Amino acid sequence: MGLPQVQAYLLFSPQVGSLAALAGFASTTYIGMVWKSRMSSENTLRVEARERVDPLTGMAMPRVFFDRVDGAIIRSRHLGYSCALMLIRIENIDQVVADHQLESPERVVLSASRTIADALRSHDTATRLAGNRFSVMVEGLENDTANKIATKILANGLRASEWGLPGSDLQLQIVLVELDGADVAFAEVLVLLEDCLRKMIVQANASRIRTLPRITGARQPL
């Protein structure tokens, strides 16, 4: 049987035609299932990423940050090293928004997050709490580490033109506290920092960086 006869046989044979159609259907169905599974997995990963990472700043979401901080406090207590927590406020956010005629403060928030991230080490972590406030955990202190990082964040803010805000600077206020084996929770320390920051806001000529007394030892009321 020559090639033309073979082709004709395959074309007109009902059995062969049915098998070919079935194979085509199975192939199409398989490809569709694989594609659907892939899309579902990608969607799941995107949802999980949104729950862990702030899509605007790229920083950890607050819930993730809180867990990391509590873990860092436990590690520092068990391993015998100090860590520090910072609360950072953009003091002139409304003025920068007005100067650049922005519809929202997102661009200012993004620039602030970049100035903060640039000052941190690979094992430090930060979050945007809400509005114009950020928090930073500095884990493992030596040679005045916390104050050096706070000073760099402050200096970066004054060079906001390098971080997406030409002609502007970010006037930041930072309050920090070092934890040395303290048995405390982040929520407790945050209340302490927030209270201090509120006082700095109303004080004329307040220092841009305020360092609170170190918290040490066993659990104690703040």
Side-chain angles (χ1 to χ4, degrees), residues 44-90 106-165 169-170 172-190 192-194 197 208-212 214-216:
T44 299
L45 290 174
R46 281 193 289 267
V47 170
E48 291 177 350
R50 285 197 298 269
E51 292 177 348
R52 298 183 62 83
V53 179
D54 183 338
L56 174 60
T57 66
M59 293 178 169
M61 293 294 283
R63 179 183 58 79
V64 175
F65 178 77
F66 299 162
D67 290 342
R68 291 178 181 176
V69 169
D70 283 336
I73 291 174
I74 292 173
R75 285 192 297 276
S76 70
R77 188 166 66 248
H78 290 169
L79 299 177
Y81 63 80
S82 299
C83 55
L85 276 167
M86 300 182 193
L87 185 61
I88 304 167
R89 173 179 177 266
I90 311 172
E106 286 191 352
R107 182 176 165 190
V108 184
V109 169
L110 177 58
S111 295
S113 68
R114 290 172 174 171
T115 67
I116 294 170
D118 178 75
L120 303 183
R121 304 164 302 169
S122 60
H123 55 283
D124 299 326
T125 187
T127 189
R128 179 194 179 193
L129 292 174
N132 63 345
R133 281 169 167 72
F134 296 81
S135 187
V136 169
M137 159 60 80
V138 180
E139 187 173 356
L141 304 181
E142 57 182 17
N143 300 325
D144 203 28
T145 304
N147 275 298
K148 289 179 180 178
I149 291 177
T151 301
K152 185 174 181 180
I153 291 173
L154 198 68
N156 283 351
L158 297 177
R159 302 197 313 273
S161 57
E162 299 178 16
W163 310 99
L165 292 173
D169 60 50
L170 293 176
L172 305 176
Q173 292 177 314
I174 305 173
V175 57
L176 68 89
V177 62
E178 295 186 8
L179 308 176
D180 188 3
D183 183 10
V184 293
F186 171 68
E188 296 177 274
V189 181
L190 183 60
L192 183 70
L193 297 176
E194 183 64 44
L197 190 59
R208 291 288 172 183
I209 300 176
R210 180 78 55 85
T211 302
L212 300 181
R214 181 188 296 248
I215 301 174
T216 63

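Quick note: residue numbers are just sequence positions, from 1. None of the values given here were measured: they were computed from a predicted structure. Atoms considered below: every heavy atom in the structure, side chains included; atoms not considered: hydrogens, waters and symmetry mates.
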side-chain contact (heavy atoms from CB on, under 4.5 Å) involving Ala160 - partner list, sequence neighbours excluded: Leu165, Leu170

Under 3.5 Å, side-chain donor or acceptor atoms of residues 64-73 against the rest of the protein: list the pairs with distances, not counting sequence neighbours.
from: Arg68; atom 1: NH1; to: Thr125; atom 2: OG1; distance (Å): 3.3
from: Asp70; atom 1: OD1; to: Phe186; atom 2: N; distance (Å): 3.1

Residue pairs involving residues 145-161 (criterion side chain to side chain donor-acceptor pair (under 3.5 Å); sequence neighbours excluded): Asp118-Asn156, Asp144-Asn147, Asn147-Thr211, Asn156-Arg159, Arg159-Glu162

Test applied, side chain to side chain donor-acceptor pair (under 3.5 Å); reference residue, Ser82; option that passes from Glu178, Arg214, Glu142: Arg214

Separation between OG1 of Thr127 and CD1 of Ile88, rounded to the nearest 0.5 Å: 11.0 Å

Contact check, side chains of Val175 and Val177, non-hydrogen atoms, under 4.5 Å: no

Value rounded to 0.5 Å, distance of SG in Cys83 from CZ in Arg77: 10.0 Å

CD on Glu188 to CG on Asp183, rounded to 0.5 Å: 8.5 Å

Approximate separation, where rounding is to 0.5 Å, of Leu154 CG and Ile116 CD1: 11.0 Å

Residues in salt bridge (charged side-chain N to carboxylate O under 4.0 Å, His left out) contact with Arg208, at least two apart in sequence or another chain: Glu91

Check: Leu129 and Leu87 side chains under 4.5 Å, non-hydrogen atoms: yes

Qualifying residue for side chain to side chain contact (heavy atoms under 4.5 Å, CB included) with Leu193, from Ile174, Leu85, Leu176: Leu85

Nearest atoms (heavy-atom pairs only) where Ala112 meets Ile90: CB-CD1, 3.5 Å

Leu110 side chain near Thr57 side chain, heavy-atom distance below 4.5 Å: no

Qualifying salt bridge (Lys or Arg N to Asp or Glu O under 4.0 Å) pairs, either residue in residues 124-140, two or more places apart: Arg75-Glu139, Arg121-Asp124, Arg133-Glu194

Heavy-atom pair with the smallest gap, counting every atom of Leu120 and Ala126: CD1-CB, 3.8 Å

Set of side chain to side chain donor-acceptor pair (under 3.5 Å) partners for Arg114, sequence neighbours left out: none

Ile215 and Leu192, any side-chain heavy atoms less than 4.5 Å apart: yes

Spatial distance of atom CG (Asp54) from atom CE (Met61) [nearest 0.5 Å]: 5.5 Å

